[in-house]
Amino acid sequence: MSASFDFKYHGGAQSAGAEPPLLGIENLFLHIHGRQILHDVSLNIAPGEILAITGESGSGKSLTALATMGLLPDGALTEGHIRLGGKDLLSTPERALCTVRGRKIGMVFQEPMTALNPLARIGDQVAETILTHRAASRAEARLIAAQTLARVGLDPDRIPPSRYPHELSGGQRQRVVIAMAIALKPRLLIADEPTTALDVTTQAQILRLLKTLVCEDGMGLMMITHDLAVVSDLADRIAVMQNGRIIESGPARALFSEMRHPYTRALLSASGHRPTLPAPRPAPPLLKVENALRSYPGRRPSLLAPKAQHQAVRDVSLTLHEGERLGVVGESGCGKSTLARAILGLEPLQGGSIALGGRPVDTPDQRRRIQVVFQDPFGSFNPRHKVGRLVAEPFHLVPDAPKGRSLEEAVAEALTEVGLTPDDAHRHIHAFSGGQRQRIAIARALITRPDIVIFDEAVSALDVRVRARILDLIAELSRRHGLGYLFISHDLSVVRGITDRVLVMREGRIVEEGPTNAVFDNPQHWYTKSLTAAVPILPQPSGGGETDAGHPVP
Amino acid sequence: MIAHLAKRLGILAASLAVASMVIFVVVEIAPGDPASYMLGMNAQPDTVAALRAELGLDQPKLQRYLSWVAGMATGEFGTSYTYRAPVAQMVAERLQVSLPLALMALLLAMAIALPAGILAAARRGRAADAGVIAATQIGIAVPNFWFAMLLVLLFALKLRWLPAGGFAGWDDPLAGLKSLALPAIALALPQAAILARIMRSALIETLGEDYIRTARAKGLTRAQALRKHGLRNALIPVLTIMGLQFSFLLAGAIIIEQVFYLPGLGRLIFQAITQRDLIVVESVVMLLVFAVILVTFLTDIAYAAVDPRLRRR
């Protein structure tokens with residue numbers, strides 16, 4: 001396929017179509033401070049080819065990328081070869097590597113919010129790539145930077161190069177990072193989870209942009225992602241990593257249709273996992289939100305003008321019935337988390353009302369009836385307390401909370417309920433993995449026997465297999481206790497599997513609501529349509545061949 | 001930027017108003033009569049009455065406060081009771097010593113601390129870093145008057161390069177600078193030690209940021225990434241500390257002034273307090289408060305110059 005591309009290499013030593021691949025990693029071993037991280041990793045990327053490296057966190061995919069860039073952390077020891085156009089990067093001295101980075105290999109990182117220097121204009125940051133390699137004069141570099149920014153979709157009339165990063169959204173910042181990486185038309189582009197921090201519609205745009213750039217410039221792309229749906233949408237070839245090894249690799253379609261390795265199969269089935277929910281039953285309403293309004297004072301438009309009001313939640317009404325599983329979807333900033341915080345009584349309302357069983361949520365007993373599980377399994381626990389104390393925390397809302405022996409029993413029961421053991425109460429939180437911490441968070445939410453649990457992006461930070469088990473746990477709790485919940489997520493496929501009814505939020509308002517399957521299969525509002533259209537689709541393991549990944553279309 | 005400036009100016013004015021009220025209340029209204037306090041326990045009643053009239057203590061409190069503030073604003077600070085001299089003039093004389101001394105000390109501290117801090121951060125965990133840490137430890141631990149005495153022993157008594165004490169005045173600028181050189185070094189060393197540590201930790205934190213990795217991915221060397229992306233970001237905490245240090249150096253040099261026998265602001269306050277010259281104390285304290293608030297204001301403006309995110313509010 002490489003023959004069809006128009007190559008525009010800068011300073012490339014090898015001519016296109018020569019025997020060695022663009023990038024060849026051979027038998028790469030990596031130790032960091034004596035710990036083995038990568039084990040015998042070998043892979044190739046041809047010009048114009050997209051190789052996706054996938055696997056769960058800790059599988060070594062990011063470190064493979066950093067090894068290729070020569071940006072490994074201190075204490076790293078490598079063995080093997082990483083050849084770019086035949087030249088071994090591992091034996092290249094640091095000084096010479098600086099002429100490779102940015103010029104022959106560009107890299108895009110996961111977190112666009114922090115990847116840019118907050119004190120420098122975006123045009124200057126892109127021009128720096130060019131100036132660092134002395135590829136053009138200052139004036140030319142500025143011109144190329146402006147052109148590159150326009151090329152990645154930042155319209156100079158709306159987002160001129162004189163903007164600072166804080167004036168841009170996450171997706172726009174990621175475009176700037178991509179512009180910096182491709183300003184010199186490198187031969188290889190490495191993208192490490194480039195869309196994981198972005199909303200689904202922004203993700204679709206960025207993926208399309210990357211694909212177009214690869215096509216137009218004939219770059220090789222090493223795409224690192226944990227998301228198999230993104231992989232199957234984009235990649236020509238796939239390498240699956242586990243524990244520092246590549247366990248399976250091959251052309252995308254063949255790999256998904258054959259699925260030789262059990263781990264790959266497990267990943268795919270966990271990615272599309274739908275827990276089995278008990279059938280919904282008609283039940284009386286429990287939580288009623290009526291015309292809720294939450295606004296924050298914003299910036300003054302001018303010195304003496306009154307402060308602008310930012311309305312995070314505008315005129316939102318919803319009803320959650322007993323035992324009902326209600327989803328809330330929408331992009332970041334749409335007000336879904338503010339709504340959750342208002343329901344929990346953590347945010348005052350400027351209008352409207354929230355009632356649980358007909359009464360406002362202001363007394364300890366009312367608050368006991370609604371509990372919450374947040375996204376971040378690492379930040380939402382006090383690291384100094386033992387698990388037993390963390391789990392028992394909501395008992396301060398209960399007037400005659402159990403003490404001593406009966407408290408221990410309550411904690412043990414809650415931990416057992418979520419699949420942990422009573423002994424875990426005596427350990428500190430750092431001894432647990434992300435998935436176990438989310439179980440502990442659920443135990444904490446359940447210990448006061450609430451009527452409603454709010455899951456605010458509760459599975460978004462977890463690996464797919466862990467996520468599947470947590471979703472099963474939530475479904476099981478719903479079956480066993482008739483637990484009703486509000487499940488807030490930006491991930492439509494997760495919401496689809498775990499809820500009966502769904503609300504779609506945009507700019508603080510509910511734009512569509514209805515039974516989950518009906519809303520996602522047959523969206524009515526244009527915004528819901530754009531959301532569902534942007535969701536990357538998982539390949540079907542048995543059918544095979546229905547993805548069109550082999551032929552990227554600009 | 002204009003809005004930012006206006007807001008900061010408003011805060012400056014409000015801080016000054018509050019500070020002047022606090023000082024006035026503490027010195028003049030708090031229990032005890034200033035006149036009898038100033039004259040001591042054995043004063044004759046008619047002397048006290050005369051002083052009360054001279055100080056205007058028989059007038060209403062609000063009027064006294066307003067005329068004091070108005071006087072300060074027009075440079076009329078009152079007359080020292082002990083020296084029978086205008087306070088404004090005394091302060092101006094002392095500032096000729098204290099202001100250059102504070103500036104020299106701060107510049108010197110920066111000249112030592114910033115390179116040392118940058119070196120330590122760039123060579124983190126290696127010998128140079130350990131050396132800087134050890135040196136700053138000594139700089140913080142050893143009192144500056146002891147440094148001062150060592151400096152006098154070496155440069156004044158042994159080498160005879162610089163005077164051991166006293167102030168030669170600014171008629172001969174070189175002589176003036178020479179007489180402030182040793183005190184400035186003695187003042188600067190502990191401040192340099194603190195500043196170097198701040199610079200080091202701020203830069204180490206900045207070097208761990210994602211945008212430094214982005215810069216490296218563009219092909220910048222470690223040193224280039226530090227220089228072009230690390231330094232300016234690390235400057236923000238360093239500016240804060242420098243602002244605090246300047247205020248301290250202006251009035252806190254009292255021990256060093258004593259060691260070198262310099263007629264500075266610190267000694268003026270010290271003498272005024274021991275002689276119960278409340279008029280001088282009140283005015284000089286207000287002046288120092290003004291200096292601190294002004295420096296804070298300038299630091300805020302410097303922040304906005306460094307960080308575009310602050311310019312909008």
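These numbers come from the heavy atoms of this one structure, side chains and all, not from hydrogens, waters or symmetry mates. The sequence lines fix the lettering, A, B, ..., with proteins before strands; numbering per chain opens at 1.
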How about [X]: does its [atom1] atom have over 12 heavy atoms from other parts shown lying under 6.0 Å from it?
X        : atom1 : value
B:Arg124 : CZ    : no
A:Arg163 : CZ    : yes
B:Glu205 : CD    : no

At a heavy-atom separation under 4.5 Å, does [X] approach chain B through its side chain, its backbone, both, or neither?
X        : answer
A:Gln125 : both
A:Thr99  : neither
A:Ile105 : backbone
A:Arg121 : neither

Kindly give the heavy-atom pair with the smallest separation between [X] and [Y], and that separation in Å.
X        : Y        : result
B:Pro308 : A:Pro118 : CG-O, 3.5 Å
A:His133 : B:Gly219 : NE2-CA, 3.9 Å
A:Arg101 : B:Leu220 : NH1-O, 4.5 Å
B:Lys228 : A:Asn117 : O-ND2, 4.2 Å

Quick one: list whatever passes ring-ring contact (aromatic ring centres under 6.0 Å, His included) with B:Tyr65, sequence neighbours left out.
B:Phe24
In terms of heavy-atom pairs under 4.5 Å with chain B, which of A:Gly102, A:Gly106, A:Ala183 leads?
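Answer, by heavy-atom pair count under 4.5 Å with chain B: A:Gly102.
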What residue, out of A:Leu66, A:Val177, A:Val100, A:Leu71, has the most heavy-atom pairs lying under 4.5 Å from chain B?
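If we count pairs closer than 4.5 Å to chain B, A:Leu71 comes out on top.
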For the backbone of A:Ala115 and the side chain of B:Thr214, can you confirm whether one donor and one acceptor N or O come within less than 3.5 Å of each other?
yes
Does B:Lys218 use its side chain to pair, donor to acceptor, with the backbone of A:Met107 at less than 3.5 Å?
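Here the side-chain-to-backbone pair does not exist.
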How about [X] and [Y]: do any of their side-chain heavy atoms sit closer than 4.5 Å?
X        : Y        : result
A:Leu119 : B:His229 : no
B:Tyr211 : A:Pro165 : no
B:Arg309 : A:Tyr164 : no

Segment of B:Arg222 engaging chain A (4.5 angstrom heavy-atom cut-off):
side chain
Ion pair A:Glu128/B:Arg216, N-O distance below 4.0 Å:
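No, A:Glu128 and B:Arg216 are not salt-bridged.
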